[in-house]
Amino acid sequence: VQLQASGGGLVQPGGSLRLSCAASGFTLDYYAIGWFRQAPGKEREGVSCISSKDGSTYYADSVGGRFTISKDNANNAVYLQMNSLKPEDTAVYYCATDPLDLPHDSNWDSPSTYDYWGQGTQVTVSS
């Protein structure tokens, strides 16, 4: 059973990256999937979430309009398309599974909602 985030890298401000969260050994069909990030010296922050039940999506105010989360059932993966990147988006990005798949405005961005975390991928936005 493994959850792996990938796709990070170094990008200039205004650039784009697409992160992938791939699951092996289990299907993502019964989970909500969240993306979080953690910058040095800061707490882990919820970035986005997608429900497998109804496809509802959630975004942090800081990324709304720039980031898009999507789910690929055929490839058992979730993606985070990040556009118009800013230096403040620099962080390690993690994906995680919520087994209840009942995201709500009050809980989707709480790390305690999620039970399984993959290894992160570093995103650095710098000129």
Side-chain angles (χ1 to χ4, degrees):
V1 176
Q2 189 175 12
L3 198 63
Q4 181 65 53
S6 63
L10 173 63
V11 63
Q12 292 186 342
S16 298
L17 283 174
R18 189 179 80 154
L19 304 185
S20 299
C21 176
S24 58
F26 70 105
T27 176
L28 293 176
D29 290 352
Y30 307 109
Y31 298 87
I33 311 301
W35 281 101
F36 285 74
R37 65 187 181 187
Q38 190 164 20
K42 294 189 176 181
E43 293 186 353
R44 192 165 293 191
E45 172 192 22
V47 174
S48 185
C49 170
I50 186 166
S51 168
S52 291
K53 282 183 181 176
D54 60 10
S56 56
T57 58
Y58 301 80
Y59 296 94
D61 290 342
S62 58
V63 307
R66 299 188 297 124
F67 291 10
T68 303
I69 192 170
S70 61
K71 192 168 181 286
D72 182 348
N73 293 328
N75 289 305
N76 203 28
V78 170
Y79 305 111
L80 185 69
Q81 178 66 43
M82 305 187 298
N83 298 329
S84 302
L85 282 163
K86 305 175 180 179
E88 51 263 43
D89 294 318
T90 295
V92 178
Y93 284 70
Y94 301 88
C95 58
T97 56
D98 165 19
L100 296 181
D101 195 1
L102 295 172
H104 188 270
D105 287 337
S106 65
N107 73 348
W108 74 266
D109 57 349
S110 171
S112 62
T113 297
Y114 301 83
D115 67 340
Y116 190 74
W117 295 77
Q119 291 185 337
T121 184
Q122 175 71 47
V123 171
T124 303
V125 184
S126 175
S127 55

Asker: Is there a side-chain contact between Gln38 and Tyr93 in this structure, where contact means two heavy atoms from C-beta onward sitting under 4.5 Å apart?
Answerer: no

Asker: Any side-chain heavy-atom pair from Cys21 and Tyr79 closer than 4.5 angstrom?
Answerer: no

Asker: Can you confirm whether Arg66 sits close enough to Asp89 that some side-chain heavy atom of one is under 4.5 Å from a side-chain heavy atom of the other?
Answerer: yes

Asker: Please report the C-alpha distance between Tyr31 and Phe26 in whole Å, then the side-chain angles of each, then the deciding distance to 0.1 Å, and finally whether the ring-ring contact (aromatic ring centres under 6.0 Å, His included) criterion is met.
Answerer: CA-CA 10 Å; Tyr31 298 87; Phe26 70 105; 5.6 Å; yes

Asker: Same cluster or not: are Tyr114 and Leu100 linked, directly or through other Ile, Leu, Val, Met, Phe, Trp or Tyr residues, by side-chain heavy atoms under 4.5 angstrom apart?
Answerer: no

Asker: Between Ser20 (side chain) and Ala22 (backbone), is there a donor-acceptor pair under 3.5 Å?
Answerer: no

Asker: Given side chains that start at C-beta, do those of Ser126 and Pro87 come closer than 4.5 Å, heavy atoms only?
Answerer: no

Asker: Between Thr57 and Trp108, is there a side-chain heavy-atom distance shorter than 4.5 Å?
Answerer: no

Asker: Side-chain donor-acceptor pair under 3.5 Å between Ser112 and Ser110, yes or no?
Answerer: yes

Asker: To the nearest 0.5 Å, what is the distance between CG on Asn107 and CG on Asp105?
Answerer: 9.0 Å

Asker: Check side chain to side chain contact (heavy atoms under 4.5 Å, CB included) between Val92 and all other residues, then give those that pass, not counting sequence neighbours.
Answerer: Tyr94, Gln122

Asker: Any sub-3.5 Å donor-acceptor pair from Thr90's side-chain atoms to Thr124's backbone N or O?
Answerer: no

Asker: So how far is it from Asn76 CG to Lys71 NZ, rounded to the nearest 0.5 Å?
Answerer: 7.0 Å

Asker: Between Ser52 and Asp29, do the side chains contain a donor N or O and an acceptor N or O under 3.5 Å apart?
Answerer: no

Asker: Considering only heavy atoms from C-beta outward, does the side chain of Leu19 approach that of Gln81 to under 4.5 Å?
Answerer: no

Asker: With side-chain contact (heavy atoms from CB on, under 4.5 Å) as the test, would you mind laying out the steps for Asp109 and Glu45 before giving the verdict?
Answerer: CA-CA 7 Å; Asp109 57 349; Glu45 172 192 22; over 6 Å; no

Asker: With a cut-off of 3.5 Å and sequence neighbours excluded, list every side-chain donor-acceptor pair involving residues 58-65.
Answerer:
| from | atom 1 | to | atom 2 | distance (Å) |
| --- | --- | --- | --- | --- |
| Tyr58 | OH | Pro103 | O | 3.0 |
| Tyr59 | OH | Ile69 | N | 2.9 |
| Ser62 | OG | Arg37 | NH2 | 3.4 |

Asker: With side chain to side chain contact (heavy atoms under 4.5 Å, CB included) as the test, pick out the partner of Leu28 among Asn73, Leu3, Ile50, Asn75.
Answerer: Leu3

Asker: Let me see the working for Ser48 and Leu80 under side-chain contact (heavy atoms from CB on, under 4.5 Å), right down to the final yes or no.
Answerer: CA-CA 8 Å; Ser48 185; Leu80 185 69; 4.1 Å; yes

Asker: Let me see the working for Trp117 and Phe36 under ring-ring contact (aromatic ring centres under 6.0 Å, His included), right down to the final yes or no.
Answerer: CA-CA 10 Å; Trp117 295 77; Phe36 285 74; 5.0 Å; yes

Asker: Are there more than 12 heavy atoms of other residues, nucleotides or ligands under 6.0 Å from atom CD of Glu88?
Answerer: yes

Asker: Quiz question: by atom type and distance under 3.5 Å, do the side chains of Asp98 and Thr113 form a donor-acceptor pair?
Answerer: no

Asker: Check the pair Val47, Phe67 against side-chain contact (heavy atoms from CB on, under 4.5 Å), reporting the backbone distance first and the verdict last.
Answerer: CA-CA 9 Å; Val47 174; Phe67 291 10; 3.6 Å; yes

